[in-house]
Number of protein chains: 2
Amino acid sequence: MLNVGSNDERATPARIRDAAISYVGKHGWDRATSRQIAAEAGVPVGLVNYHFGSKDGLRRACDDWVIERVGEDKGLLLSSGLFPQLDTYIEDHPELRPMSAYIAMSLRHGGSVADHLFESMVTLTKDTLELAADAGTMRRFDDPYAMAVLLVAYGAGASLFGPTIARLLGGTDLLDPATYARYGRTTIDLFTKPLLTHDPYQQSLPTPNDPDLPTPKDTP
Amino acid sequence: MLNVGSNDERATPARIRDAAISYVGKHGWDRATSRQIAAEAGVPVGLVNYHFGSKDGLRRACDDWVIERVGEDKGLLLSSGLFPQLDTYIEDHPELRPMSAYIAMSLRHGGSVADHLFESMVTLTKDTLELAADAGTMRRFDDPYAMAVLLVAYGAGASLFGPTIARLLGGTDLLDPATYARYGRTTIDLFTKPLLTHDPYQQSLPTPNDPDLPTPKDTP
DNA sequence: GTCTATATAATGATAGAC
DNA sequence: GTCTATCATTATATAGAC
């Protein structure tokens with residue numbers, strides 16, 4: 001029987017998996033229940049465990065599927081929430097939105113998806129830095145890999161706290177034009193002119209006024 | 001009766017609250033159960049709801065308590081996980097470790113503690129930037145508040161992904177000397193020399209080699 | 001493969017003895 | 001205030017009819 005009369009021609013395991021990705025992207029695995037996922041997929045609870053063995057089996061299947069899709073689709077990787085600037089890719093590919101939300105939720109909670117994604121993004125960023133250096137838009141670094149790791153972590157912070165950043169900057173969404181203008185201007189300001197006036201690895205810093213207030217980028 | 005013979009002279013509500021902060025710092029509120037928290041506090045389950053009404057009441061009490069403590073102790077704010085460089089404060093004040101873990105968990109999941117902490121850290125960072133500018137160790141910015149917001153978000157990303165960063169940099173803990181040396185060197189490298197060679201708000205960027213690979217710090 | 005019905009365990013919350 | 005015992009609900013997982 002080939003799902004005659006159904007309003008969704010995908011195979012049942014795929015429907016359940018996609019429903020799980022969509023629901024977990026909104027609520028996370030901890031709050032998600034097998035019943036809710038089954039309801040979203042339009043199947044009874046029993047089928048979930050029939051096809052995936054257990055809730056944890058479903059989670060592994062979702063993680064593997066997302067990791068596979070991220071490996072195939074560079075656009076999905078770029079819109080994975082590791083750099084807020086790149087989230088606009090989703091607007092042209094709305095079918096990727098549930099998976100992007102699932103990835104963002106995975107980044108919050110950690111696990112294999114977060115690890116795999118972070119590493120992929122580091123590799124891509126390192127390559128991008130080299131291309132930018134070749135093109136002359138960016139300088140080169142002593143430790144390009146470590147620099148890519150740092151930049152991905154920074155981008156992840158900006159992405160995870162995007163709503164908070166937007167609110168403090170006077171907007172509701174970081175990608176709203178007025179809010180993003182201020183955000184982008186600040187980013188450019190930070191990276192076009194040196195932040196620190198001295199390199200503490202070459203000469204000692206002048207003593208700050210208040211030793212109890214270490215500068216955020218100070219070294220121990 | 002004043003807890004005669006008990007091995008903990010604190011009042012019972014405080015014991016339950018501290019046990020909740022400790023347990024939730026490790027597992028998060030979703031996975032934490034009233035029974036586990038009560039067991040850690042050495043009291044039966046009934047007492048939890050007697051003193052706090054419900055699990056959600058206990059959560060509100062913990063959040064309020066942490067926010068209050070963060071307002072009183074600047075060191076706790078600085079070691080709240082929003083800048084990995086500052087976590088060393090915990091080593092001198094190990095009694096703050098459970099609350100620091102609770103704060104880190106709150107940052108992952110959002111909520112009132114995360115919002116309050118982020119805003120406090122922005123204010124402190126903005127003041128610190130001004131002090132550093134006065135001392136001559138840092139330049140000044142067109143939009144100091146937005147710059148503080150951006151730097152706190154970046155620091156939060158570095159903190160939340162600290163274990164991942166450490167692993168990719170060849171270590172196990174970001175604060176291990178060898179690992180932190182590489183991390184610190186990269187941070188200094190990033191902030192002592194300009195990253196971008198052109199300011200796109202003043203002149204157009206040269207076309208990159210691959211238009212599908214936007215540079216991480218590009219503007220829309 | 002799909003469904004209904006159920007088994008088993010754990011949860012938040014409460015009642016009542018002391 | 002503190003404890004034991006229990007309620008009602010909900011979760012995951014499974015058994016068995018079709």
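Chain identifiers are assigned alphabetically (A, B, ...) following the order of the sequence lines, protein sequences preceding nucleic acid strands; residue numbering begins at 1 within each chain. Just the heavy atoms: all of them, side chains too, but no hydrogens, waters or symmetry mates, feed the values below.
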Under 3.5 Å side-chain donor-acceptor pair for B:W29 and B:Y23
no
Does either side chain, that of A:D176 or that of A:T172, offer a donor lying less than 3.5 Å from an acceptor on the other one?
yes
Rounded to whole Å, the CZ-P distance (A:R31 to C:dT11) equals 15 Å
Could you state the atom-to-atom distance from CZ of B:R35 to P of C:dA9 in whole Å?
15 Å
If you measure from the Lys or Arg side-chain nitrogens to the Asp or Glu carboxylate oxygens, is any gap between A:D143 and B:R185 under 4.0 Å?
no
Round to a whole Å and report the spacing from CG of B:D56 to P of C:dA13.
8 Å
Heavy atoms only: give me the nearest B:A32-B:I37 pair and the separation to one decimal.
CB-CD1, 4.3 Å
With respect to the side chain of A:T33, which nucleotide from D:dA11, C:dG12, D:dC3 is positioned closest?
D:dA11
So, does B:T12 get its side chain near the phosphate of D:dT2, meaning an N or O under 4.0 Å from OP1 or OP2?
yes
In whole angstroms, how far is the C1' atom of D:dT14 from the CZ atom of A:F52?
18 Å
Return no unless some side-chain N or O of B:S34 is found under 4.0 Å from OP1 or OP2 of C:dG12.
yes
Separation of D:dG1 P from B:L47 CG (nearest whole Å)
10 Å
To the nearest Å, how far apart are B:R15 CZ and D:dT2 C1'?
11 Å
Rounded to whole angstroms, how far apart are CZ on B:R59 and P on C:dG12?
13 Å
Of the nucleotides D:dA11, C:dA13, C:dG1, which one has an atom closest to the side chain of A:H51?
C:dG1
Tell me the interatomic distance from A:K55, atom NZ, to C:dA10, atom C1', rounded to whole angstroms.
13 Å
How many angstroms lie between OG1 in A:T186 and OH in B:Y145, if you round to the nearest 0.5 Å?
11.5 Å
Can you tell which of C:dA13, C:dC3, D:dT2 lies closest to the side chain of B:N49?
C:dA13
Among D:dG1, C:dT14, C:dT11, the nucleotide that comes nearest once only the side chain of B:Y50 is considered
D:dG1
